[in-house]
Amino acid sequence: MINRVRELRGELGWSQADLAEHLDVSRQTVNAIETGKYDPSLPLAFRIARLFGLSIESIFTPGE
């Protein structure tokens, strides 16, 4: 899965730790999502989308 989490986090000037705190996950989880090593669960994807005020589809897209 391809995602825009790093880009969106950067636009807010947040560190991975900042985003992790807002999502109630570890910084390692944020890093794994950003690098494509981990696909978030549906509830976590919804939390990410809500936090950025976007739809899930505008953040996450299927990989090739």
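None of the values given here were measured: they were computed from a predicted structure. For the single chain, residues carry numbers from 1 onward in sequence order.
- Rounded to the nearest 0.5 Å, atoms CZ (Arg50) and NE2 (His22) are 14.0 Å apart.
- Without hydrogens or angle criteria, Arg9 side chain to Trp14 main chain gives a donor-acceptor distance under 3.5 Å.
- Closest non-hydrogen pair, Ser55 versus Ala49, comes out as C-CB, 4.0 Å.
- With sequence neighbours left out, Ser26 forms a side-chain contact (heavy atoms from CB on, under 4.5 Å) with Gln28, Thr29.
- Remark: Glu21 CD to Ser15 OG distance equals 8.5 Å, nearest 0.5 Å.
- Shown here for Ala20 and Arg27, the closest heavy-atom pair between the two residues is CB-N, 3.6 Å.
- The distance from atom CG of Asn3 to atom OG1 of Thr61, rounded to the nearest 0.5 Å, is 8.0 Å.
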Exercise. When you look at Leu8 and Ile48, which way does the side chain to side chain contact (heavy atoms under 4.5 Å, CB included) test go after all the steps?
Worked result: CA-CA 10 Å; Leu8 295 168; Ile48 292 168; over 6 Å; no
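- Shown here for Ala32 and Thr35, the closest heavy-atom pair between the two residues is O-OG1, 3.4 Å.
- To the nearest 0.5 Å, atom CG of residue Leu23 and atom CD of residue Gln16 are 11.5 Å apart.
- Residues Ile2 and Ile56 are members of separate hydrophobic clusters, defined by side-chain heavy-atom contacts under 4.5 angstrom among Ile, Leu, Val, Met, Phe, Trp and Tyr.
- Summarising the geometry, atom CG belonging to Leu19 is positioned 8.5 Å from atom CG belonging to Leu12; distances are rounded to the nearest 0.5 Å.
- Here the CD1 atom belonging to Ile33 is positioned 6.0 Å from the CZ atom belonging to Phe60, to the nearest 0.5 angstrom.
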